[in-house]
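Everything on this sheet refers to the single structure shown next.
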Amino acid sequence: MAEEEEAELSDDQKKGIAKWFLVNAPAGEIQYVSKDLKLVLNDDDVYNEAASEAFPVYNKSHLISLKMPGGFGDVLVTSYGELQDNEYLDPKTAQVAIVDHVKQACTKVRPATDEELPSAYVEEYRCALEAEILKYVAEAYPKGSCSVYCTNGKGVEEPGSDFDLVVVIAAARLSPQNFCNGSWRTIWNIEFKDDIQKLELNGKLLVGAHYFEEGNVQLDTKHECRDSTMFQESYFKLSDNTFKDLRRKLPITRTLFPWRSTRQFSLKREISEELGIGK
């Protein structure tokens, strides 16, 4: 009986296999995998097609951080900041990074347009949250990056409408010379439901580790959590705005209330005078 000849893989099959290996490469190792794949395939056309499709998926799923030219700092490559092919918003600097996915490099930067940025109302919340996240990441992650995006309702101009923010935190510890690499990725979705004064929080934590000295051991784990709380923003500014608005601009006495010298009014002093205490 003649031995059956092995069927030759089609170019599409080769590309599919190559994409799988690239997309599933451990943190920080896709360039090593791509170098070996290029040698195995021995077909530049098939490799280039596979790489052009796989690298964007890998970069966004691993939330890689790239240095922007011009001293603007780093930009996170995420689906939340993706404006169009190869363009990613950095909310901290209001810049848009043009990314070469295969080279994993930022090639150019341009200012974001007004349409690409949140309204001033939403930006106030986004900036406040980002400031706290930056402090946390600086303390908790030796080499961490973070960003806060508005993913829904970025055109909201005043209270009364809902909007969503997403907090992205990414950190990687790459040490291939010691045969180990690892990454930490956290995504927090925050929904501001203004009509019911409620804030809903959904979190997803992704941890990956690869140890390959005299072997090949990988760990990939995911944990999800959620919580909710009530927020009453009207009380935050009660002493500055709301309380003043509750009072008549010019009371019946025709005398304006001296807001700058309220210490002259003392409940204890008035009670003492009424009761004759201290006379």
Side-chain angles (χ1 to χ4, degrees), residues 25 27-31 34 51-52 54-157 163-176 181-190 204 206 208:
E29 297 180 33
I30 189 172
Q31 294 292 354
S34 66
S52 65
F55 268 86
V57 176
Y58 178 91
N59 293 339
K60 287 183 286 186
S61 65
H62 281 265
L63 308 176
I64 69 169
S65 177
L66 300 177
K67 184 75 67 178
M68 290 188 289
F72 287 106
D74 297 337
V75 59
L76 280 175
V77 178
T78 77
S79 58
Y80 306 105
E82 188 174 25
L83 301 176
Q84 53 185 328
D85 291 344
N86 305 331
E87 290 195 352
Y88 295 86
L89 174 67
D90 178 48
K92 293 188 292 294
T93 60
Q95 299 293 316
V96 175
I98 291 80
V99 172
D100 185 324
H101 280 288
V102 176
K103 293 182 179 179
Q104 292 186 313
C106 178
T107 59
K108 192 184 300 183
V109 174
R110 68 167 176 83
T113 64
D114 291 340
E115 292 74 19
E116 294 168 337
L117 297 172
S119 66
Y121 175 75
V122 175
E123 183 65 9
E124 184 177 359
Y125 283 89
R126 195 205 66 78
C127 284
L129 178 58
E130 185 176 69
E132 295 302 318
I133 295 298
L134 284 168
K135 293 178 186 177
Y136 163 70
V137 171
E139 295 173 357
Y141 301 87
K143 293 182 179 180
S145 300
C146 65
S147 199
V148 180
Y149 304 91
C150 177
T151 56
N152 181 47
K154 69 177 184 179
V156 172
E157 297 286 353
F163 62 93
D164 300 344
L165 298 179
V166 172
V167 177
V168 176
I169 300 173
R173 198 68 176 265
L174 307 178
S175 185
N181 295 309
S183 67
W184 173 285
R185 292 160 285 165
T186 312
I187 300 171
W188 299 97
N189 294 278
I190 307 168
K204 180 169 64 175
L206 303 165

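Below, each value reflects all heavy atoms present in this structure, side chains not excepted, and no hydrogens, waters or symmetry copies.
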**Request:** State, with a plain yes or no, whether a side-chain heavy atom of W188 is found less than 4.5 Å away from one of I133.
**Result:** no

**Prompt:** Mind checking whether Q95 and P111 have side chains closer than 4.5 Å, heavy atoms only?
**Reply:** yes

**Request:** Start with the C-alpha gap between F55 and Q31, add the side-chain angles, then the distance that decides, and say whether side-chain contact (heavy atoms from CB on, under 4.5 Å) holds.
**Result:** CA-CA 10 Å; F55 268 86; Q31 294 292 354; 3.7 Å; yes

**Prompt:** Tell me, do I169 and Y136 make a side-chain contact under 4.5 Å, heavy atoms counted?
**Reply:** yes

**Message:** Could you work out, with side chain to side chain donor-acceptor pair (under 3.5 Å) as the rule, every residue matching Q84, not counting sequence neighbours?
**Reply:** E87

**Message:** Counting C-beta onward and ignoring hydrogens, is there a side-chain heavy-atom pair between V96 and V75 closer than 4.5 Å?
**Reply:** no

**Prompt:** So how far is it from K154 NZ to E116 CD, rounded to the nearest 0.5 Å?
**Reply:** 7.0 Å

**Prompt:** Between E123 and L117, does a side-chain contact (heavy atoms from CB on, under 4.5 Å) hold up when you go through it step by step?
**Reply:** CA-CA 8 Å; E123 183 65 9; L117 297 172; 6.0 Å; no

**Prompt:** With respect to Y80, which candidate in I187, L63, V167 satisfies the side-chain contact (heavy atoms from CB on, under 4.5 Å) definition?
**Reply:** I187

**Prompt:** Atom CE in M68, atom NZ in K92: separation rounded to 0.5 Å?
**Reply:** 7.0 Å

**Request:** Tell me yes or no: between the side chains of T186 and W184, is some donor less than 3.5 Å from an acceptor?
**Result:** yes

**Item:** Side chain to side chain, P91 and V148, heavy atoms closer than 4.5 Å
**Value:** no

**Asked** Does Y149 reach the side chain of L76, with side-chain heavy atoms less than 4.5 Å apart?
**Response** yes

**Request:** Taking the side chain as every heavy atom from C-beta outward, state whether F163 and R126 have any atom pair closer than 4.5 Å.
**Result:** no

